[in-house]
Each structure stands twice: as C-alpha cells, then as structure tokens.
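Scope of the values below: all heavy atoms of this structure, side chains included, with no hydrogens, waters or symmetry mates.
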Amino acid sequence: MKYSVFNNDNQESIEIKDYIESKLADHDYEIDDEHPELVITVGGDGTLLSAFHHYERQLDTIRFTSVHTGHLGFYTDWIKNDVDLLIEGLAADAGEDVSYPLLKVIVKDRQDSTMEKLALNEATIRRYEGTMKCNINIKDELFERYRGDGLCVSTPTGSTGLNKSLGGAVIHPSLRSLQLTEIAPLNNRVYRSLSSPVIICDHEWFTLDLGKGEQSGLFMTLDQFTISLKYVKEVRFEVAPQQIHFSRYRHTHFWDRVRQSFISDQPGED
C-alpha cells in the first residue's frame, strides 16, 4: 500500500512521523506523497484539515487516519502512546473505511464566473463593515430575508464547532445533511429571519442571493482558510458528491467523541 505521513512542524510530530516510517518499512508499505492510498496525519485536528485540503482532489482514492500529539480530537483515533498499536492495525489493514459528508460551496460573481470549494467542517460568510444583507433560498425558493453579522453552514462533523457555539444542533455524520446558523441576526419590518438553525437533507441546498454584489468587506471562511469576496452575486451551499474516508480499525464512535470533548469523562456524582 502507498502511504504518506502528513505532520505539523512540531518536533514531537516530526519524531513520530520518522518512527512510523521506520516501522512501516518492515511491512508492505511504500511512501508516496503524491498519490497515497492512506494518509496518516500527525498533530491535531488542524493538521487533518490541512491534509484534507492538500489531497481534496484525490478523496475517492484516499483514506485518512490520525495520531494526535495532544488530547484525542474529533478526527484523531490514536494518541502518541498508541503508535505501535496503529502500526499493528496497519499491518492487518483490510481496506475498510467509514465515510463522512462534505460541504460544497459554489461562488458566482456578477459576470457569472464560478468558484467551487470544499469544506470538511464549515463555511461562513461575514462582513467587516456593518451588517450583511441577503436573501436565503432553499432549493431556489425564497426562505427569508436576512440581515446580521453573517451566516455559518456546517457539515454534520463540523456541527460540533462554530455551529454549536452559535446554538446549532450536533448532528451524527451518517446523516447527509447541512446546517445553517445565523450570526447575530437583526429582525425588523424588512428583514425577518427565523433566528433558529435550519437543517436540510442532501437533495436540498442553500443559496444566498447577495444582490448586485455591491456590499463591500465580505469574506468567506472555509475550515481554516479565509477568502475575500468581491462582486459576488450568489453563493450556493450543498452536500458535496465527494466524501472523506477514514480507515475503520478502531475508529472512535461519533457520540463518544462528543462526550469526551464536551462532557466529563467521569461518571456523575449522586
């Protein structure tokens, strides 16, 4: 099997990468950073996000597994003390995987030129100068007229991040869905929004109609990246046809990740 180790610049991560490569040299594994079948990330969830975007054009042929050098993260099944167990799992790997849905974002400008991007966690649109105004459509039908600080659209796995901080629901990743949450909405006679998270299934989509693209100071985030938006007419969010695939051996159950991250791991006292 061809594999690549994708690590951050932390010295501990570099040492773990070297150790993994030395151990896998004894097995039928070949280093291939260009076209790997398995990507092992070493660092944190941010490292996994960077690896995802680095290989996002090869998602159909790649599985991911992650070693966390700190505490267990949402995308990391192994900690630094488990590396030898990871090596054993890789030696017995049968190619099984578990898949999570992704977010596809399509940005259209006033000349109808389009830009397409993928996100693993979420995308947001905000405005630096004043409030953002737009019509929010679901399946090309007007749902509400929004005015506020911005909007967040998250995947199920991303629902535990900014979306949760904004009051959104936590969604299991087996549900191919997207969630839109509003950031500090304003309600008046002209702009009336639901002021509640909205969840759609994979045969629906959100479209933001930004008018003639005259609003200045708009920017979009895609996971950890930020993009300045100019002369944008429309932004569409839909469940992507691609998915991210994780190796299945010892893959931590989603609700266990949620409990470990947000709820005490110790039993409650009577």
Please answer whether the main-chain N or O of [Y] pairs with a side-chain N or O of [X] as donor and acceptor at a distance below 3.5 Å.
X    : Y    : value
S50  : L48  : no
D223 : N121 : yes
S13  : D9   : no
D32  : H35  : yes
H27  : Y29  : no
T61  : Q58  : yes

Between [Y] and [X], do the side chains contain a donor N or O and an acceptor N or O under 3.5 Å apart?
X    : Y    : value
D84  : Y19  : yes
S66  : W78  : no
T221 : T124 : yes
S195 : N187 : yes

Side chains of [X] and [Y], heavy atoms from C-beta outward: is any pair under 4.5 Å?
X    : Y    : result
H53  : Q224 : yes
V107 : M220 : yes
T207 : V235 : no
N135 : Y146 : no
L86  : L90  : yes
L103 : V153 : yes
E21  : I31  : yes
V239 : H203 : no

Closer than 4.0 angstrom, basic N to acidic O: yes or no for R236 and E238? yes
Shortest non-hydrogen separation from [X] to [Y] and the atoms involved:
X    : Y    : value
E34  : P36  : C-CD, 3.4 Å
E122 : G158 : OE1-O, 4.0 Å
A169 : N163 : O-ND2, 3.0 Å
Q243 : S99  : OE1-CB, 3.7 Å
K104 : E116 : CE-OE1, 3.3 Å
S154 : S159 : OG-CA, 3.9 Å

Can you tell me how far [atom2] of [Y] sits from [atom1] of [X], rounded to the nearest 0.5 angstrom?
X    : Y    : atom1 : atom2 : result
I136 : L194 : CD1   : CG    : 9.5 Å
D112 : K108 : CG    : NZ    : 5.0 Å
K164 : I171 : NZ    : CD1   : 13.5 Å
I62  : L38  : CD1   : CG    : 9.0 Å
Y100 : F246 : OH    : CZ    : 6.5 Å
W255 : I263 : CH2   : CD1   : 9.5 Å

Would you check if the distance from the ring center of F64 to the ring center of H245 is below 6.0 Å? no
Pair Y128 + F219: ring centers closer than 6.0 Å: yes
Go through it in stages, so that I can follow the logic: the residues are K80 and E12, the test is salt bridge (Lys or Arg N to Asp or Glu O under 4.0 Å), and I'd like the CA-CA distance, side-chain angles, deciding distance and then a yes or no. CA-CA 9 Å; K80 56 187 178 182; E12 185 176 38; 3.0 Å; yes
Run through E182, R147, R145 and flag the one making a side-chain hydrogen bond (donor to acceptor under 3.5 Å, both in side chains) with S193. E182
Might you work through the salt bridge (Lys or Arg N to Asp or Glu O under 4.0 Å) test for E37 and R63, ending with a clear yes or no? CA-CA 6 Å; E37 299 167 88; R63 291 178 301 146; over 6 Å; no
So for atom CG, which belongs to D26, do other residues, nucleotides or ligands contribute more than 12 heavy atoms lying within a distance under 6.0 Å? yes
Does N188 CG have over 12 foreign heavy atoms under 6.0 Å away? yes
Does the Lys NZ or Arg CZ of R110 fall within the cation-pi geometry relative to Y231 - under 6.0 Å from the ring centre and within 45° of the axis? no
Are K17 and F6 in a cation-pi contact, defined as NZ or CZ under 6.0 Å from the six-membered ring centre and within 45° of the axis? no
